[in-house]
2 protein chains.
Amino acid sequence: MAKEEYNISELSSEFNITPRALRFYEDKGLIKPIRNGQNRIYSRKDHARIIWILRGKRVGFSLSEISEVLNLYYQDNGLKKQRLATIKACDEKISALEITKENINETIRELNALKDSVEDLKKNIPLKE
Amino acid sequence: MAKEEYNISELSSEFNITPRALRFYEDKGLIKPIRNGQNRIYSRKDHARIIWILRGKRVGFSLSEISEVLNLYYQDNGLKKQRLATIKACDEKISALEITKENINETIRELNALKDSVEDLKKNIPLKE
DNA sequence: TTTTTACTTGACCTTAACGTAAACGTAAAC
DNA sequence: GTTTACGTTTACGTTAAGGTCAAGTAAAAA
């Protein structure tokens, strides 16, 4: 029984982000809460989009890149051209992420090499304190 | 026979970055070219550091994080405390990178799911155009 | 009925990582 | 001997992603 509606403080505490950030994402068009009087009410769709936003940020996407992807999700994909464009956009993001993964692996190898060199030192230099 | 010295335009064209960026990294203490008169001369060590800087940027490190790691490399590791600190710092970076990798994998799965949903649509909706 | 409490809208502030333009030095090329 | 090419410093500008007030509304609690 998932919630259908959320107010700003519920979301900001759930996701551990500030209300300011949520309003900022709204300004940028990433979410579109409706209003109850002056107050924002976030839907399940907004909730799902916020999950995407935060995951996107964790992998290094900018808000405008995230916006592009979100637009892919929620758009009409009736036309072939549209669908092909969506698939292409996904493939591009995926290969960018694969490249980042390779860079991460390279960096991890470098860091391990650094560790090894320091640990080798341990063998050659008498331990001091 | 690798080069021993570089000037700013050689490096900026080799790495495809601007001279401004190289001067900026110097301001931040990431590289320390010596001078020939007023002109900068970059050593092989600077060259190696730039490789690290750019790789670090590709995996989402900030310049100050990169600076930390570079300092680990080129510092005196004679003392046990120092070496343990270096190893700990490496391990922390490595686990952060592993987490990022997991987030990337999650994101790739999401993007593939999006692709699938669009491709399923292809089966259900007659192709137009 | 007055206080809280939660929420709102501006509006300006901040940090990172350079970009960009001005003004100047110097050495090679013409 | 003066352009041209390449380099320098100084300094202000820019974008992204919010942070941080200030001032006001509105409902709920005391």
Could you state the atom-to-atom distance from CG of B/N39 to P of D/dA5 in whole Å? 17 Å

Hey, does the side chain of A/T18 come within less than 4.0 Å of D/dG19's phosphate (OP1/OP2), counting only N and O? yes

Whole angstrom is fine here: how far is it from CD1 in B/I34 over to P in D/dG7? 16 Å

Rounded to the nearest 0.5 Å, what separates atom CZ in B/R83 from atom CD1 in B/I87? 7.5 Å

Per the atom types in the model, does the base of D/dT9 pair as donor or acceptor with the side chain of B/R23 at under 3.5 Å? no

Does A/N7 make a side-chain N or O approach to OP1 or OP2 of C/dA6 shorter than 4.0 Å? no

C/dA29 - base-pair partner by Watson-Crick or wobble geometry, distances under 3.5 Å: D/dT2

Can you tell me the distance, in whole Å, between the CD atom of A/E26 and the P atom of D/dA17? 17 Å

By the Watson-Crick or G-U definition, both distances under 3.5 Å, C/dC24 is matched with D/dG7

Which of the following nucleotides, D/dT9, C/dA17, D/dG18, is nearest to the side chain of B/F24? C/dA17

Rounding to an integer number of Å, can you tell me how far A/N36 CG sits from C/dC7 C1'? 11 Å

Short side-chain N/O contact to D/dA17 OP1/OP2 from A/Y25, under 4.0 Å: no

Integer-rounded Å distance: C/dA17 P and B/D27 CG: 13 Å

Evaluate A/S43 against A/D46 for side-chain hydrogen bond (donor to acceptor under 3.5 Å, both in side chains), listing each step before the verdict. CA-CA 5 Å; A/S43 66; A/D46 292 319; 3.2 Å; yes

Whole-Å distance, A/L54 CG to D/dG18 P, equals 9 Å

State whether A/Y42 and A/K3 meet the cation-pi test: NZ (Lys) or CZ (Arg) under 6.0 Å from the six-membered ring centroid, and within 45° of the perpendicular axis. no

Partner of C/dA6 by Watson-Crick or G-U wobble geometry, both contacts under 3.5 Å, or none? D/dT25

From D/dT25, D/dG7, C/dA17, pick the nucleotide closest to the side chain of A/Q38? D/dT25

From the options C/dG19, C/dC7, D/dT20, select the nucleotide whose nearest atom is closest to the side chain of A/R20. D/dT20

Starting at atom CZ of B/R35, determine the distance to atom C1' of D/dG7, rounded to an integer number of angstrom. 10 Å

Rounded to whole Å, the CD-C1' distance (B/E65 to C/dA16) equals 12 Å

So for atom NZ, which belongs to B/K28, do other residues, nucleotides or ligands contribute more than 12 heavy atoms lying within a distance under 6.0 Å? no

Whether B/R49 engages the ring of B/W52 as a cation-pi pair (distance to the six-membered ring centre under 6.0 angstrom, angle to the ring normal within 45°) should be assessed. no

Below 4.0 angstrom from OP1 or OP2 of D/dT8, is there any side-chain N or O of B/R40? yes

With the side chain defined as heavy atoms from C-beta on, A/S9 is closest, among D/dT8, C/dA17, C/dA6, to C/dA6

Assign A/K57 to base, sugar-phosphate, or nothing according to its heavy-atom contacts below 4.0 angstrom with the strands shown. sugar-phosphate

Should the ring pair B/H47 and B/F15 be called parallel, tilted or perpendicular, given that the plane angle runs from 0 to 90° and is split at 30 and 60? tilted

